[in-house]
Amino acid sequence: MASSQSKLELKLGVFVFIGIVILSIFILSIERYKKWNFNYRVHFTFNFVNGVKLGAPVRLAGVDVGDVKEINLKFSPEENKNKVDLVCRVRWDAKIPDDSSIWINTLGLLGEKYVEIMPGKNYAKVMCENQALAGQDPIPIHEVMVLAKSIVSNLDESIIRLKNEEGTVGKLLFNDKVYNELDALISDIRRNPWKLLWKTKEKKS
């Protein structure tokens, strides 16, 4: 009985071992496929990346070609400020001209952040391993809110001026005297269009 149980345990152990080996081979195959499919790294530098996360997609002309592998914060002595270095792994067949535009985009209004690349025209010079390009910084949300608040404030002021009959538009909208005078002038010109020619000749003389 003990011998039978030992054989069963041995078979079970061998089965588990084979399963682990197969799983390991499968994981290594996926990793090798990734390394083959995404085989060079590039750097995109920004002053502000607006919450980009590790693994964020990298798109070239709207097509997924890679992902963000590292996010490094570095101090630039030349510019005397911090810079964000996005280390991205891109597909071997993704040719990125060195005059391309790079910026941080958003999936939807409040969706995932990703790196968008609009390819340039200089395909004689494309990015290679560990080459860097500067990206265009996204506009921070608080700056957008400040701008929107300023626009609303200016709009409110304009409405108040209109209601107070200030400016030409306000007088035309709310001042009956100006409107009546303008209406009378238009009616007079319709009845006597020759006055336009007469006034023009008078000014020339």
Side-chain angles (χ1 to χ4, degrees), residues 1-79 81-141:
M1 183 72 179
S3 176
S4 176
Q5 185 175 359
S6 298
K7 289 181 180 180
L8 180 62
E9 290 176 353
L10 178 62
K11 290 180 180 179
L12 182 61
V14 171
F15 179 77
V16 171
F17 176 75
I18 293 174
I20 292 174
V21 171
I22 293 174
L23 181 61
S24 301
I25 293 173
F26 178 72
I27 292 173
L28 289 174
S29 298
I30 292 176
E31 189 63 27
R32 285 179 183 176
Y33 170 76
K34 285 185 176 180
K35 288 181 180 179
W36 173 82
N37 201 24
F38 300 94
N39 69 346
Y40 77 103
R41 293 189 175 207
V42 290
H43 299 254
F44 300 128
T45 57
F46 296 86
N47 295 312
F48 174 68
V49 295
N50 200 22
V52 170
K53 305 293 185 183
L54 289 175
V58 176
R59 290 185 175 181
L60 177 64
V63 178
D64 287 345
V65 295
D67 55 3
V68 177
K69 299 305 295 179
E70 298 178 25
I71 302 175
N72 301 316
L73 188 63
K74 298 181 178 179
F75 182 77
S76 172
E78 296 83 5
E79 300 182 40
K81 62 180 178 182
N82 288 317
K83 306 285 287 187
V84 182
D85 177 28
L86 298 184
V87 183
C88 302
R89 185 175 61 181
V90 297
R91 219 162 58 193
W92 65 272
D93 59 343
K95 307 301 181 184
I96 307 173
D98 64 359
D99 61 342
S100 300
S101 299
I102 300 103
W103 66 91
I104 304 300
N105 212 342
T106 305
L107 293 172
L109 186 61
L110 297 173
E112 179 187 9
K113 304 292 189 301
Y114 67 94
V115 179
E116 184 78 70
I117 305 171
M118 183 58 66
K121 299 180 180 180
N122 187 18
Y123 279 92
K125 294 182 179 179
V126 296
M127 296 188 72
C128 55
E129 180 73 18
N130 286 324
Q131 188 175 351
L133 276 183
Q136 302 173 10
D137 296 327
I139 301 175
I141 294 298

Which heavy atom of G120 sits nearest to which heavy atom of S100, and what is that distance? N-OG, 3.0 Å
Look up atom CZ in F44 and atom CE in M127, then write down how far apart they are to the nearest 0.5 Å. 4.5 Å
Looking at C128 and V42, what are the two nearest heavy atoms and their distance? O-CG1, 3.8 Å
Quick one: pull up CD in E70 and CG in D85 and give me the separation to the nearest 0.5 Å. 8.0 Å
So N47 and K83, side chain to side chain donor-acceptor pair (under 3.5 Å) or not? Walk me through it. CA-CA 5 Å; N47 295 312; K83 306 285 287 187; 2.9 Å; yes
Rounded to the nearest 0.5 Å, the CG atom of N122 sits from the CG atom of D98 at a distance of 5.0 Å
Using side-chain heavy atoms (C-beta onward) and a distance below 4.5 Å, is P57 in contact with D67? no
All heavy atoms of T45 vs all of A134, minimum pair found to be OG1-CA, 3.4 Å
Just by modelled atom types, is the K121 backbone N or O under 3.5 Å from a matching donor or acceptor in the D99 side chain? yes
For K53 and I71, the nearest pair of non-hydrogen atoms, with its separation, is C-CD1, 3.8 Å
Measuring from F48:CZ to Q136:CD, what's the distance to the nearest 0.5 Å? 15.0 Å
Give me the atom names and distance for the closest heavy-atom approach of W103 to F46. CA-CE2, 4.1 Å
Hey, what do you get for NZ (K74) to CG (N82), rounding to the nearest 0.5 Å? 12.0 Å
Residues V126, I96; criterion side-chain contact (heavy atoms from CB on, under 4.5 Å); working and verdict: CA-CA 5 Å; V126 296; I96 307 173; 5.8 Å; no
The test is side-chain contact (heavy atoms from CB on, under 4.5 Å); show your working for I104 and L86 and say whether it passes. CA-CA 11 Å; I104 304 300; L86 298 184; 4.2 Å; yes
Which distance, rounded to the nearest 0.5 Å, do you find between the CD1 of I102 and the CG of L133? 4.5 Å
Any idea which heavy atoms bring A56 and Y114 closest together, and the distance? CB-CA, 4.4 Å
Do K95 and P119 come within less than 4.5 Å of each other through their side chains, counting heavy atoms only? no
Could you tell me whether a side-chain N or O of E129 sits under 3.5 Å from a main-chain N or O of R41, the two making a donor and an acceptor? yes
